[in-house]
Enquirer: 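Attaching a single structure in structure tokens format; questions to follow.
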Amino acid sequence: MRAPPVIHSEHGMDIYGSLNETQRKAVTHVQGPLLILAGAGSGKTRVITHRIAYLMFREYARPHNIFAVTFTNKAAEEMQNRVSSMIGPSGKSVFIKTFHSASVFILRLYGERIGIPRNFSIYDQSDQESVVKEILLRMKLDPKKIRPSMIVSKISEIKDRAELLQGANIDSMLPKYYNFNFTEIYEEYHRTLKSHNALDFNDLLVRTVELLQSSPETLDVLQSRWSHFMVDEYQDTNYSQYCITKLLASRSRNICVVGDDDQSIYSWRGADIRNILNFENDYPEAMVVTLGKNYRSTKPILDVATSVISHNSMRKQKELSTEREDGEPAVWIQANNEYGEAEFVINTIKTLKYRERFSNRDFTIFYRTNAQSRIFEDLLRRENIPYRVIGGLRFYDRKEIKDILAYLKFLSNPRDLVSLLRIINVPARGIGRSTVDRIRQIAGDESLSEWDVIRDTRITGKAGKSMAEFAEIIASLQALNTGVPGELPLSKFIDRVLSLTGYMKSLEDEDTFESSARIDNLNEFINGVYAFEMAVPGCTLDQFLQEISLYTTQEDPDENPDEAKNSVTLMTIHNAKGLEFPVVFITGMEEEIFPHRLCTDTDEGIEEERRLCYVGITRARERVYLTSAELRRSYTGVFHRDPSRFLLEIPDDLIMRDYYTSDAYMNPSPRFAQGYRAPQPARRDEEDEIEENGGGNGSTFRVSETVVHPKYGQGRIVRIEGSGDNCKLTILFGASKKVFLEKYTPLERI
DNA sequence: TACCAGTTGGTTTTT
DNA sequence: CCAACTGGTA
């Protein structure tokens, strides 16, 4: 271990000197409340990290006395790294987390005081939906008419709102037109989660507030633990988050919040802009510092951003200045269709790489909705340009990963019924629907848990035997998971889970490309666990699960393992907050898409979309390209698109407008193709067969031919089965294999 | 109980 | 276009 004290002071002094005057004021104001209004690119993260270093250097606080929260795991990680690189290894003991993981931390330690066992499960949206779906069925409501996802988002919305914690009753928070008993569903949902010993994402925050409010001892312990508080992105806090920080900081009053009302983009998640606007009312003695100097973008970029945001009426008037007077003008490209848009973006990337100093990692492509990423992925793949998608398809959404997590969650928390139902017959072990129904029936009748019934040997016969085997596997795994740190490392334990349950074997037996891809993913998962184990020595299964359940947007670890470091980045604008890139493309700048059609009803909705646009533009350091398409295809047809009102709000002299037309072939939609396809001549079934390749027949394709799929990109045909309309093509994309029905798949030959 | 072929419905952003 | 569900069959 290297002793850090000398490094502290030297670094502290050195960096302190490089701050501008307002930044310095913010860094050195360490006693009492502080509001930092930090415009885009004004060095906000620098200020936060320097402030932490300053607190320690001047001995106002020790690392473990500092509490800092951000919104995303990525931002928290980034901040932890930057703090560590400034103050050395002790940076690790600064408490830097997301609101949700800070809440989990508190609930794990003290939740028992309000009846939350330490090993609670965290339910994500799909877990929530399966709970709600069962409730609807039980209440004889049709899940097709009343969609579980809609109920879940309503439940979540209610828990995000301030009224709930202020004691309002549920009915008063509902729209009037519901023709079903929402409150009953709401209450049954919470009874169910309680019996599963599970919390959803909102509960993590709400229950933490409840704990802090109802248990003075808990509040006291935590107030003694932390003396200095920092909250990043304060404009995006909701009421629970506001309460948590307010309660914790109420003794020391050393609370520093950082935010920018122009970058508030989460009101749909309950974020309440009043939290930042009213900070000075909450803390009349607060000092306010405004960081108005932008160190990121060139003037042309900043001018465009300003011209857009100035159309919002509900904002604090402010100006951002920059010293980077020169720079390329912003560009608006109107493409003929979405394919042309993508082509323009990829061509521009290639050109800038070739003619200038840019490399892949300098580019980012933003879009409003995740579904828009596909066409860019396609073209990037076709051009062999490495890319990574942030937050799109989630690693943790994959079947095999959800399965292993369900095993682990159930082992940690045997009351977690959602997980039990997921794994009880995976791999198939002869416990089918009817058996499961019987188990649940008995459990309900005798108020036992389902796991109690399974362990009980009263069900006999074939099903009983399978159940006894399952019970034995689970029991032996539970015995292995002693919870004693260091006894059996977590990664080894998970290995045992995969082997003892037969999960790994069933994949090995399957022996297809797909199953081997799943095995790879599981190994990747175990690698991740191993890394976690190293970072948190002696961690328990409970601890691991609660961390991992919050890690929802981690990028796909096996996407581009070698090239990940120098890849083009694709993400939604929501994911882009806090980041910066030399070259930014904001795509799909069309009415109905951006602003999204569901947001155009109210002025508030439009203004939030406009802030989102502002966030997007201000990510750019050197260049910004705004693109729109005149025609865009959705799964329901091809539609004409008007340019986004945000584009029209930019004065002509601030943006260079141009057009781009792609004459590349656009695959017609299947419906269109079917309508116009000439009648198929009788197939010459036997003539062009390639026997050794499995007898490709009845297809217009040949085995081993290379084709391009609109979603998966380039692949090779490895098998052809059936003929005519039933012709199935098996195509290999990289490591994974997919089967398509030829008539529904618009494939292009290479 | 497991697997299949056919049908249906869905369009936002995320911890 | 695709995932998730349904109802039928082996």
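A, B, ... follow the sequence lines: proteins, then strands. Residue 1 opens every chain. Just so it is clear, the values below take in all heavy atoms, side chains as well, and ignore hydrogens, waters and symmetry mates.
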Enquirer: Could you tell me the separation between the CG atom of A:Leu612 and the CD1 atom of A:Ile265, rounded to the nearest 0.5 Å?
Expert: 5.0 Å

Enquirer: Under a 4.0 Å N-O cut-off, is there an ion pair linking A:Arg374 with A:Glu377?
Expert: no

Enquirer: Within the pair A:Ser434 and B:dT1, is there a side-chain N or O less than 4.0 Å away from OP1 or OP2?
Expert: yes

Enquirer: Write down the distance separating the P atoms in B:dT13 and C:dA4, rounded off to the nearest Å.
Expert: 16 Å

Enquirer: Using Watson-Crick or G-U wobble pairs with both distances under 3.5 Å, give me DNA chain C in dot-bracket, 5' to 3', with [ ] for crossers and | for pairs to another strand.
Expert: ||||||||||

Enquirer: Answer yes or no: is there a side-chain heavy-atom contact under 4.5 Å between A:His196 and A:Tyr123?
Expert: yes

Enquirer: From the list B:dT12, B:dT1, B:dT13, which nucleotide is the closest neighbour of the side chain of A:Leu598?
Expert: B:dT12

Enquirer: Look at the side chain of A:Arg147 and decide which nucleotide, out of B:dT14, B:dG10, C:dC1, has an atom nearest to it.
Expert: B:dG10

Enquirer: Return no unless some side-chain N or O of A:Ser101 is found under 4.0 Å from OP1 or OP2 of B:dT15.
Expert: no

Enquirer: For the pair A:Phe201 and A:His100, name the ring-plane relationship: parallel under 30°, tilted 30 to 60°, perpendicular over 60°.
Expert: perpendicular

Enquirer: Of the options B:dT11, B:dT12, B:dT14, whose atoms approach the side-chain atoms of A:Thr369 most closely?
Expert: B:dT12

Enquirer: Once you round it to whole Å, what is the distance between C1' of B:dT11 and CD of A:Glu591?
Expert: 17 Å

Enquirer: Under 4.0 Å between a side-chain nitrogen and a carboxylate oxygen: does that hold for A:Arg641 and A:Glu338?
Expert: no

Enquirer: Nearest heavy atom decides the nucleotide; on that basis, is A:Ala428 or A:His574 closer to the 5' end of DNA chain B?
Expert: A:Ala428

Enquirer: Report the nucleotide, chosen from B:dT12, C:dC2, B:dT1, that has the shortest atom-to-atom distance to any side-chain atom of A:Thr435.
Expert: B:dT1

Enquirer: Between the protein and nucleotides 6-10 of chain C, list the N/O to N/O atom pairs that are separated by less than 3.5 angstrom.
Expert:
none

Enquirer: Stacking between B:dT12 and A:His596, yes or no? Criterion: centroid separation under 5.5 angstrom, plane angle under 30 degrees.
Expert: yes

Enquirer: Would you kindly give the CD-to-C1' distance between A:Glu338 and C:dC1, to the nearest whole Å?
Expert: 13 Å

Enquirer: Would you say A:Arg433 places a side-chain N or O within less than 4.0 Å of OP1 or OP2 belonging to B:dA2?
Expert: no

Enquirer: Report the C-alpha separation of A:Leu421 and A:Arg440 in whole Å, then their side-chain angles, then the decisive distance to 0.1 Å, and conclude whether the side chain to side chain contact (heavy atoms under 4.5 Å, CB included) test is met.
Expert: CA-CA 10 Å; A:Leu421 294 178; A:Arg440 301 188 65 178; 3.6 Å; yes

Enquirer: Take the protein atom OH of A:Tyr266 and the nucleotide atom C1' of B:dT12, then report the distance between them rounded to whole Å.
Expert: 12 Å

Enquirer: Among C:dC2, B:dT14, B:dT13, which is the nearest nucleotide to the side chain of A:Arg269?
Expert: B:dT14

Enquirer: In whole Å, what is the span from the CG atom of A:Asp142 to the C1' atom of C:dC5?
Expert: 12 Å

Enquirer: Does a donor on one side chain sit under 3.5 Å from an acceptor on the other, for A:Asp200 and A:Tyr189?
Expert: yes

Enquirer: Under the side-chain hydrogen bond (donor to acceptor under 3.5 Å, both in side chains) rule, what do A:Glu469 and A:Ser466 come out as? Steps first, then yes or no, please.
Expert: CA-CA 5 Å; A:Glu469 279 167 26; A:Ser466 318; 5.8 Å; no

Enquirer: Among the candidates B:dT15, B:dT14, C:dC2, find the nucleotide nearest to the side-chain atoms of A:Thr98.
Expert: B:dT15

Enquirer: Would you indicate which nucleotide in B:dA2, B:dT13, B:dT15 comes nearest to any side-chain atom of A:His100?
Expert: B:dT15

Enquirer: Select base, sugar-phosphate, or nothing to describe what A:Phe99 touches, counting heavy atoms under 4.0 Å on all strands.
Expert: nothing

Enquirer: How close or far is atom P of C:dC2 from atom CD of A:Gln372, stated in whole angstroms?
Expert: 16 Å

Enquirer: Go nucleotide by nucleotide along DNA chain B from the 5' end; which of A:Ile431 and A:Asn202 gets its closest nucleotide reached first?
Expert: A:Ile431

Enquirer: Could you check how far CD of A:Gln128 sits from C1' of B:dT14, rounded to whole Å?
Expert: 12 Å

Enquirer: Quick one: closest heavy-atom pair of A:Arg611 and A:Gln263, and the distance?
Expert: CD-N, 4.4 Å

Enquirer: Which atoms form the tightest heavy-atom contact between A:Leu165 and A:Ser240, and what is the distance?
Expert: CD1-OG, 3.7 Å

Enquirer: Tell me whether A:Asp160 is salt-bridged to A:Arg269, with the criterion being a basic N under 4.0 Å from an acidic carboxylate O.
Expert: no

Enquirer: Could you state the CG-P distance from A:Asn370 to C:dA3, rounded to the nearest angstrom?
Expert: 14 Å

Enquirer: What do you reckon, do A:Trp268 and the base of B:dT13 stack, with centroid distance below 5.5 Å and planes below 30°?
Expert: yes

Enquirer: Under 4.0 Å: is that the gap between some side-chain N or O of A:Asn73 and OP1 or OP2 of B:dT15?
Expert: no

Enquirer: How close or far is atom P of B:dT1 from atom CG of A:Asp437, stated in whole angstroms?
Expert: 9 Å

